[in-house]
Number of protein chains: 2
Amino acid sequence: MLRSPDRVTLADIAARAGVSLATASRALSDSYGVSPGTRDRVRSVADQLSFVVSPEASRLAGGRTGRVAVVVPHLSRWFFAEMLAGVEEVLREAGIDLLLYNVDTLDHRRHFFERLPARRKVDAVVVLAFPVTEEERQRLDLLGVGIVAAGGQSARYPFVCIDDRAAGAQAMDHLLSLGHERIAMIAAETPLAPGWPAVNRRSLAYHEALAAAGIPADPALVRDGDWGGEEGAAAMADLLASGPPPTAVYAHSDEVALGALRTLRREGLRVPEDVSVIGIDDHPLAALSDLTTVHQGVREQGRTAGQMVLGLISQDPTAARAAVVPTRLVVRGTTGPPRRG
Amino acid sequence: MLRSPDRVTLADIAARAGVSLATASRALSDSYGVSPGTRDRVRSVADQLSFVVSPEASRLAGGRTGRVAVVVPHLSRWFFAEMLAGVEEVLREAGIDLLLYNVDTLDHRRHFFERLPARRKVDAVVVLAFPVTEEERQRLDLLGVGIVAAGGQSARYPFVCIDDRAAGAQAMDHLLSLGHERIAMIAAETPLAPGWPAVNRRSLAYHEALAAAGIPADPALVRDGDWGGEEGAAAMADLLASGPPPTAVYAHSDEVALGALRTLRREGLRVPEDVSVIGIDDHPLAALSDLTTVHQGVREQGRTAGQMVLGLISQDPTAARAAVVPTRLVVRGTTGPPRRG
DNA sequence: TGGCGGTTCGGAAGCGCTTCCGACATCGGG
DNA sequence: CCCGATGTCGGAAGCGCTTCCGAACCGCCA
């Protein structure tokens, strides 16, 4: 049995503070029944020795794990990583450790929900921007801990997200106010997340805005694809191949918009003179392409989700169960009025 | 059938297998001194009840934690997230949990090394693409566990990275072979990582390539900045403001290159007709801007790092202590021969 | 002054596992 | 046929903590 270099235990703290093991434990875990004086004394001794309770022992003895699992479907995409960073920030400040589970393929996803590797290891779970199926929800319930959904609603869990319908409306209104009428939409759908409500609501906004402007929707101007840039490029190519180009393109995400941009440029179309393009996200690299977009505070959503988790863990009944963070239009260089003619 | 909370213990397994607790433990952990027959019997009982040892109890009793910490300086950047995904992939397959620590500011970094939140919680640590100082190395040693550096060498830890000098040479050779002579360099340096060797070696490649081609280096064509796109844009602007434009720009990263690209376009310079631009990374979004670059297998580096960690944990003396993954030039649309004249 | 409810604290029993140590059986060689 | 080496296994002692239970003590009212 190998011993770690530092072997300060609760017993040492208790001894130095002149209290029993039981009291020391209560003092550190902020339990009921310890006088403020004693508590502070124990705490200061612990701080002084930079002592932290062994999570293993604590958990084993029936306490909390001090850990939260975050399940993320696509780690290497900015949106997810950024939101994860937000969650991490809050948890770190609270001294909670973050267990990461990436489920970027259907196989991994199935594996995760079948084996439930987080079982008995965490006090709560954050489901990052993907909708769980009913079956998965049942599996997750087996963990017996609180769950929050970040970046989208899911299975009645407490959630934090943006108003996708409003975001879509912001994008469409911008295009419409510039005078566009022939507006294409490249909708994003991911095989990992069939039926992700965000998509539908962003599509809904498209149709609503068109209707409100008295413009008949043309199904030939709508394409579906995955969230990636290459998919956006392909959809745009398909759009161009099958008829006269639209004067504007509303993409469900910045990555998709960037893909569309590349296709347009390769085809010799000028942006925004010939075609305007708008996305949603405000991806930092999209700014480098001068993409007009709708900004959403991704990191902020992550942070809010982190706070919700903290509330769940501490059983705080006043903790928020829903949060919608606002979005805002960011006009850059890829949108302009349509050409006269 | 899995119940929550799952209350099957080793004792149950032992009883059903007709052995003692001690033997059951040995059988499951593959220790010495158990006959093959007994071991298989215990294992099949465990499988049948889908039993897994409680990591808490196991660790408390002197076993491993089954956890690895990954320290990453900038989660939301593709490079780091992608590499993290690689590490996660390997660890997940091995049944190891991944504890994430993001240290994206100097404060967080100091906090991490001072408090060592990973203390007593992990079997190994992966330091993701940032160099630790001597002082930090000493703190890290306090953890008493193995450490591997991914995405760059650091403090004599086992490492996996690319050959930055070779990568830089690939980029420079491409530019030179196109006939460029007036080549600018936008070097990246991050405040989080002073003296990061990758930078120096990418710069070294610049000077070596120039020298080998018999072209005198012009200090006026070199700029330093952070890794971000905005910094690249600023550096490019500065470059343009202070003299006749170069015919080519060698950027230390794709994000920097994308920034330079934006500045060039805003200034009305055509790419690659007027100015060629090359980066390093092969960022997926850079492909959407048709950026010529040097590809590095980021995810692969992460996976390799994950395997090194596994080797460390299992005390495998044959485990590799160093890996250099190859890079390759990817020619796209932002480079071409210089204009005649 | 006696008794009572409330507060603060200590003793001690585990939580589920690993591993030291020693018991026992078996087996080959002298 | 006996003895020690070898191979298997069980008993039991923790690992560091939480929490139940009850003891001690406080102030207060009758």
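Within every chain, numbering begins at 1; the chains are lettered A, B, ... in the order of the sequence lines, protein sequences first and strands thereafter.
- Side chain B/Arg120 to base D/dG16: no donor-acceptor pair is found below 3.5 Å.
- Among C/dT18, D/dC17, C/dG10, the nucleotide with an atom closest to any side-chain atom of A/Thr23 is C/dG10.
- In this structure, B/Lys121 atom NZ and D/dC15 atom P are separated by 21 Å, rounded to whole Å.
- Among D/dG11, D/dC17, C/dG11, the nucleotide with an atom closest to any side-chain atom of B/Ser20 is D/dG11.
- One atom, CG of B/Leu28, and another, C1' of C/dG16, lie 13 Å apart when rounded to the nearest Å.
- With distances taken from any side-chain atom of A/Ser35 to the nucleotides D/dG10, C/dC17, C/dC9, the minimum falls on C/dC9.
- Between A/Glu56 atom CD and C/dG16 atom C1' there is a gap of 12 Å when expressed in whole angstrom units.
- Counting only heavy atoms from C-beta outward, the side chains of A/Arg16 and A/Leu49 approach each other to under 4.5 Å.
- Toward the 5′ end of DNA chain D lies the nearest nucleotide of B/Arg39, the other residue of the pair B/Arg39 and A/Val53 mapping further downstream.
- Of the listed nucleotides (D/dG10, D/dC15, C/dG10), D/dG10 has the atom at the smallest distance from the side chain of B/Ala22.
- For a distance-only test at 3.5 Å, the side chain of A/Arg59 fails to qualify as a donor-acceptor partner of the base of D/dG16.
- Straight-line distance from the CG atom of A/Leu21 to the C1' atom of C/dG11: 10 Å, rounded to whole Å.
- Remark: P of C/dC17 and CG of A/Leu60 are 9 Å apart, rounded to the nearest angstrom.
- Comparing atom distances between the A/Thr38 side chain and each of C/dT8, D/dT18, C/dA12 picks out C/dT8 as nearest.
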Inset, instruction - Carefully, step by step, assess B/Val126 and B/Leu84 under the rule side-chain contact (heavy atoms from CB on, under 4.5 Å). - result: CA-CA 10 Å; B/Val126 178; B/Leu84 175 59; over 6 Å; no
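- Classification of the B/Phe113-B/Phe130 ring pair by plane angle, with boundaries at 30° and 60°, yields perpendicular.
- The interatomic distance linking A/Asp40 (CG) with C/dT8 (P) rounds to 13 Å, in whole Å.
- Within the 4.5 Å cutoff, side-chain heavy atoms of A/Leu28 are placed close to those of A/Phe51.
- Look at CG on B/Asp12: it is 9 Å from P on C/dG16, rounded to the nearest Å.
- When each of C/dC17, C/dT7, D/dC17 is scored by its nearest atom to the side-chain atoms of A/Leu10, the top-ranked nucleotide is D/dC17.
- Residue B/Arg26 has its side chain nearest to D/dG10 when only D/dG10, C/dG16, D/dG16 are considered.
- Of the candidates D/dG10, D/dC21, D/dG16, D/dG16 carries the atom nearest the A/Ala57 side chain, counting heavy atoms from C-beta on.
- More than 12 non-hydrogen atoms from other residues, nucleotides or ligands lie less than 6.0 angstrom from CD of B/Glu134.
- Base contact: B/Ser25 has a heavy atom under 4.0 Å from a base atom.
- Neither OP1 nor OP2 of C/dT19 sits under 4.0 Å from any side-chain N or O of B/Tyr32.
- The side chain of B/Ser58 places an N or O atom within less than 4.0 Å of a non-bridging phosphate oxygen (OP1 or OP2) of C/dT18.
- Within 6.0 Å of CZ in B/Arg137 there are more than 12 heavy atoms belonging to other residues, nucleotides or ligands.
- Rounded to whole Å, the distance from CZ on B/Arg64 to P on C/dG16 is 23 Å.
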